[in-house]
Amino acid sequence: MSRFPKNFLWGGATSAAQLEGGRCEDGKGLSHLDYVYFRGPKQPCNFMLKKDYEKAKAEEATLNFPNRRGIDFYHRYKEDIALLAEMGFRSFRMSISWTRLFPTGLEEEPVKEGVEFYHNVFRELHKYDIEPLVTMIHYELPIIFVEKYDGWTAPEVIPHCFRYLKFIIDEYKDEVKYWLTFNEINMVTAVPWLGGGIILDRNDEFEIPKGFRPFGPLPEDMAKRWNDSSHQALHHQFIASAMIVKYAHEHAPNCLIGNMFNLHHLYPETPSPQDAYRAHEETEFNMFFCDVMAGGAYPEWIRTYYRRNGIEIKWYDGYEEILKEGKVDFISLSYYLSSVVTADPKRQERIGSFIRMLKNPHLPDSEFGWQIDPTALRISLNELRDRFHKPIYIVENGLGAFEQPDAEGKIHDDYRISYLRSHIEAIALAIEDGVDVMGYTPWGCIDLVSCSLVSMSKRYGFIYVDADDEGNGTYDRSRKDSFYWYKKVIATNGEDLG
Ligand code: BG6
């Protein structure tokens, strides 16, 4: 008998910005990720300073913007969905693009062609009994809000966003049962541009230090702007999220809405109580995002953290009531890696942001230095169950790798099979431990544009897409070895892991 529940939602995950392409077609507008340009196959580029943004605009005609191309799902969705169906998918995570419906974000009415596009996609998915799992906002902010409002730091974004969110619930509630509000909502405090459309030095309040690295220690004035603006933005996203959860509960009672956060499991570097406390602190920080969205209130811990760190935010009018009324139905998460923390001040990483990773000698690394740790997923699933008592949907997990077809045009991605197998095994054990896991949708089930690198060459898919970082290639799709392996996993409900 399978260790997975009968209706377990096996599938895969994507996002509009990284997949669709068709950037300026049918009236679509541009969003903040359309201004991130490719800098090299291992060059992170989602930390946007003013000079980068100005360059992106000034050299728009010549720079390489892979997100604008995606993998052309906009035109090829039928072929792609047929391939997902061939693997036996029961769930497909995708996002709706705000700017395909509301090109500048300010319109009162959506663009007809955009609205129809998503109806067509949902129809196609249902043809094969695949449940759409829709992220309402997956790293997307119409560019006008970056220019005029300093991204999500401004409360003015909320009503415009809510108009979009309300529209999609009203329009698609009969076709989409499972929804997520903001993708990886905790990323706004780690990468303020990516999660919140915030250009940290937009108002020239501080000098960017020479040799500055986003994940290293920050000068005080920069840290102040970083913390205040990203937590302010987060507060507004919490409000928008709770407003739409409440609205959906009242107007679309068949829908289930989840939060979505990036799970970052942390180990103390040594058994010293100081290291252990530090790991505890980081874990509390990571959990606070779920505390607010699933528990409906800011925990005391984070209020103290704000006081201690001098973080000042303006509270939205009536926010306590709004959060209380907009609690999510399930928890969802992305999980890729674990990491190690130390209390040693000389090697201190910033708290409350993406951890500068200390290596764990017990774990192997991916090609991109992400440490592979299925056991941490099992531990965290148990912790999440104990803390929130809600079902959990694992909506991202996977292994990014450089890949080239061999002479016969095949990709033998046994490394990916081994990564996924070990994580599925960990999920099975967590289910045996008593965790209610609803489903599993590994990231980038079809190769798509990388988020941190805006490259095509970092690939996650079961399906290979013939396109390179410059946009050359046929964009033809082909099946990797993992395609056949995952098909068997789904067909046996997770019993045959190969
Ligand atoms: C998650 C994001 O953080 O990780 C995805 O939600 C992203 O959008 C995925 O693509 C993998 O990261 P990357 O940088 O390897 O594409």
Side-chain angles (χ1 to χ4, degrees), residues 12-20 31-34 36-48 66-67 70-71 73 92-97 133-141 180-197 214-215 237 258-265 286 289 332-339 353-355 357 365-372 377 393-403 415-416 419-420 423 440-462 465 467 469:
T14 62
S15 83
Q18 296 164 264
L19 179 83
E20 282 182 6
S31 68
H32 77 310
L33 287 200
D34 292 319
V36 181
Y37 54 92
F38 175 71
R39 299 176 206 179
K42 274 202 165 184
Q43 282 293 318
C45 48
N46 254 318
F47 186 84
M48 185 76 96
N67 283 322
I71 57 158
F73 180 79
F92 177 57
R93 177 171 174 226
M94 53 179 275
S95 66
I96 292 179
S97 162
L133 162 63
V134 173
T135 318
M136 300 178 187
I137 300 194
H138 191 124
Y139 295 147
E140 192 192 13
L141 184 64
L180 311 175
T181 59
F182 285 81
N183 180 61
E184 293 187 336
I185 195 158
N186 48 340
M187 275 299 128
V188 65
T189 63
V191 195
W193 164 260
L194 178 66
F215 299 143
Q237 294 184 351
N259 69 334
M260 171 9 177
F261 83 114
N262 174 258
L263 171 68
H264 205 90
H265 189 83
N286 213 215
F289 301 89
S332 94
L333 58 95
S334 59
Y335 174 74
Y336 292 90
L337 68 157
S338 64
S339 115
S353 202
F354 218 178
I355 318 300
M357 285 174 273
D365 277 14
S366 81
E367 214 171 328
F368 290 85
W370 294 17
Q371 293 211 285
I372 303 172
L377 176 60
Y393 207 153
I394 300 160
V395 300
E396 276 188 41
N397 176 234
L399 184 80
F402 290 120
E403 289 171 328
Y415 39 87
R416 176 166 299 109
Y419 177 100
L420 295 173
H423 285 76
Y440 178 64
T441 57
W443 177 251
C445 46
I446 177 164
D447 289 348
L448 39 61
V449 177
S450 153
C451 177
S452 54
L453 307 172
V454 294
S455 68
M456 263 313 291
S457 50
K458 185 179 186 190
R459 297 168 183 275
Y460 285 84
F462 302 113
V465 176
D469 290 336

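As the structure lists them, so they are numbered: ligands from 1, and atoms in each ligand from 1. By convention here, the first residue in the shown sequence is residue 1.
- Distances below 4.0 Å separate heavy atoms of K458 from the following atoms of ligand 1: 13 (P), 15 (O).
- Rounding to the nearest 0.5 Å gives a distance of 12.0 Å between CZ of F38 and CG of N67.
- Ranking the protein heavy atoms by distance from atom 9 (C) of ligand 1 puts Y336 OH, 3.3 Å first.
- For ligand 1 and S452, the ligand atoms under 4.0 Å from any heavy atom of the residue are 13 (P), 14 (O).
- The protein heavy atom nearest to atom 1 (C) of ligand 1 is E396 OE1, 2.9 Å.
- Residue contacts with ligand 1 for Y460 involve side-chain atoms from C-beta outward but no N, CA, C or O (heavy atoms, distance under 4.0 Å).
- Residue Y139 places no N or O, backbone or side chain, under 3.5 Å from any N or O of ligand 1.
- Looking at heavy atoms from C-beta onward, I394 lies in side-chain contact with L333 at the 4.5 angstrom threshold.
- Between L180 and R93 the shortest side-chain heavy-atom distance falls below 4.5 Å.
- What sits closest to atom 10 (O) of ligand 1 on the protein, heavy atoms only, is Q18 NE2, 2.8 Å.
- Each of the following atoms of ligand 1 lies closer than 4.0 Å to a heavy atom of E184: 1 (C), 2 (C), 3 (O), 6 (O).
- At a 4.0 Å heavy-atom cut-off, ligand 1 touches N183 through the side chain alone.
- Within the 4.0 Å heavy-atom cutoff, Y335 does not count among the residues contacting ligand 1.
- You'll find the side chain of E140 stays beyond 4.5 Å of the side chain of S95, heavy atoms only.
- Judged as a salt bridge (Lys or Arg N to Asp or Glu O under 4.0 Å), the pairs with a partner in residues 440-457 (not counting sequence neighbours) are, in order, D447-R459, D447-K480.
- Formation of a donor-acceptor pair under 3.5 Å by the N397 side chain with backbone atoms of Y335 is found in this model.
- Of all atoms in ligand 1, numbered sequentially from 1 with element shown, those under 4.0 Å from a heavy atom of W370 are 12 (O), 15 (O).
- With I372 as the fixed residue, the side-chain contact (heavy atoms from CB on, under 4.5 Å) test singles out one of Y419, Y336, Y415: Y419.
- Between L453 and F368, some side-chain heavy-atom pair lies under the 4.5 Å cut-off.
- Close approach to H138 involves these atoms of ligand 1, each under 4.0 Å from a residue heavy atom: 5 (C), 6 (O), 8 (O).
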Table please: side-chain donor-acceptor pairs of residues 41-48 below 3.5 Å, with sequence neighbours left out.
residue: K42; atom: NZ; partner: E367; partner atom: O; Å: 2.9
residue: N46; atom: ND2; partner: C451; partner atom: O; Å: 2.5

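- With hydrogens left out, the protein atom closest to atom 16 (O) of ligand 1 is C451 N, 2.7 Å, a heavy atom.
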